[in-house]
Amino acid sequence: MRELSIYERLMAEDVGEILGFNVPDLLGADEGLRVIEMSLVARPFVLDFAGAYLDEQPEFSEEIWAEWEAEKRELFGSRWQTVEMVLAALRKLDIYVVDISASNIAFVD
C-alpha cells in the first residue's frame, strides 16, 4: 500500500509539518483491510497521499505535465507558488504528489 509507505517515510523523518502545513501522524494500519489510522490535523494541512509516488516521479509526457500544472495553477490561483514549495519539500523526501486538490493541501481560509 503506497500511501502507508509514504506515511511511514514521513514518520521516520519525523515530519509533523511541511512549511507550516500540518501533516497527520500515522497511528496504525491494517494492510489486509487497507485501512490507515491517522491523527486529526487543523488547517493548514497537507494529507491524502493515496495518489502519491514514493522514490520516483511518475513518467508523464511533457504535454501531460503542462496540462497538470495549468490545471493546478488555476485551482490554487495566487497560492500556487506556496503549493509548489510544499511539493518541492515533499520531493526532497522522495515523495511525489500529483493528486492535489484544495481538500488535501488546505490553507487556513
Side-chain angles (χ1 to χ4, degrees):
M1 193 163 40
R2 208 168 40 193
E3 186 173 21
L4 176 58
S5 297
I6 290 168
Y7 277 108
E8 289 172 336
R9 166 85 44 91
L10 292 167
M11 193 172 78
E13 296 291 331
D14 197 29
V15 175
E17 61 93 14
I18 297 170
L19 301 175
F21 287 78
N22 297 308
V23 176
D25 292 325
L26 176 65
L27 302 176
D30 186 315
E31 290 189 58
L33 295 175
R34 300 185 56 82
V35 174
I36 296 174
E37 180 183 11
M38 62 189 80
S39 65
L40 296 175
V41 290
R43 289 175 178 254
F45 58 71
V46 58
L47 49 81
D48 188 4
F49 296 102
Y53 294 79
L54 190 60
D55 295 327
E56 59 184 74
Q57 184 169 342
E59 293 185 28
F60 297 126
S61 68
E62 287 185 36
E63 291 100 17
I64 297 290
W65 279 120
E67 288 174 23
W68 177 88
E69 184 174 337
E71 178 185 307
K72 301 312 175 188
R73 279 181 181 274
E74 184 176 331
L75 174 68
F76 287 100
S78 63
R79 294 178 166 169
W80 174 242
Q81 185 176 14
T82 302
V83 172
E84 279 187 307
M85 291 187 323
V86 169
L87 296 175
L90 286 163
R91 283 192 301 270
K92 287 182 181 180
L93 297 166
D94 286 324
I95 298 170
Y96 301 89
V97 182
V98 294
D99 182 21
I100 60 171
S101 69
S103 62
N104 59 17
I105 297 182
F107 290 79
V108 173
D109 53 359

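Keep in mind that this is a model prediction, so the values were computed, not measured.
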Nearest heavy-atom pair of [X] and [Y]: which atoms, and what distance?
{"X": "L47", "Y": "S103", "value": "CD1-O, 4.1 Å"}
{"X": "E84", "Y": "R91", "value": "O-NH2, 4.4 Å"}
{"X": "S5", "Y": "L54", "value": "CB-CD2, 3.6 Å"}
{"X": "A89", "Y": "L19", "value": "CB-CD1, 4.4 Å"}
{"X": "F76", "Y": "I105", "value": "CE2-O, 3.7 Å"}
{"X": "Y96", "Y": "P58", "value": "CB-CD, 4.2 Å"}

Once rounded to the nearest 0.5 Å, what's the spacing between atom [atom1] of [X] and atom [atom2] of [Y]?
{"X": "R73", "Y": "W68", "atom1": "CZ", "atom2": "CH2", "value": "10.0 Å"}
{"X": "L4", "Y": "M38", "atom1": "CG", "atom2": "CE", "value": "9.5 Å"}
{"X": "Q57", "Y": "D94", "atom1": "CD", "atom2": "CG", "value": "10.5 Å"}
{"X": "L93", "Y": "I18", "atom1": "CG", "atom2": "CD1", "value": "6.5 Å"}

Beyond-backbone contact of [X] with [Y], side-chain heavy atoms, under 4.5 angstrom:
{"X": "V86", "Y": "I100", "answer": "no"}
{"X": "T82", "Y": "F21", "answer": "yes"}
{"X": "V46", "Y": "N104", "answer": "no"}

Going through the checks in order, is the side chain to side chain contact (heavy atoms under 4.5 Å, CB included) test met by V83 and F107?
CA-CA 10 Å; V83 172; F107 290 79; 4.0 Å; yes

Taking only residues at least two apart or on different chains, which pairs with a member in residues 48-60 satisfy salt bridge (Lys or Arg N to Asp or Glu O under 4.0 Å)?
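Every pair satisfying salt bridge (Lys or Arg N to Asp or Glu O under 4.0 Å) with a residue in residues 48-60: R9-D55.
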
On the six-membered ring of Y53, is R2 placed so that its NZ or CZ lies under 6.0 angstrom from the centre and within 45° of the ring axis?
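That pair qualifies as a cation-pi contact.
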
Between E69 and W65, a side-chain donor and acceptor under 3.5 Å:
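Short answer, no.
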
In residues 23-35, what donor-acceptor pairs under 3.5 Å come from side-chain atoms, sequence neighbours left out?
| unit_1 | atom_1 | unit_2 | atom_2 | d |
| --- | --- | --- | --- | --- |
| D30 | OD1 | G32 | N | 2.9 |
| D30 | OD1 | L33 | N | 2.9 |

I'd like to know if the side chain of N22 and the backbone of P44 have a donor-acceptor N/O pair within less than 3.5 Å.
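Checking the backbone N and O of P44 against the side chain of N22, a donor-acceptor pair under 3.5 Å is found.
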
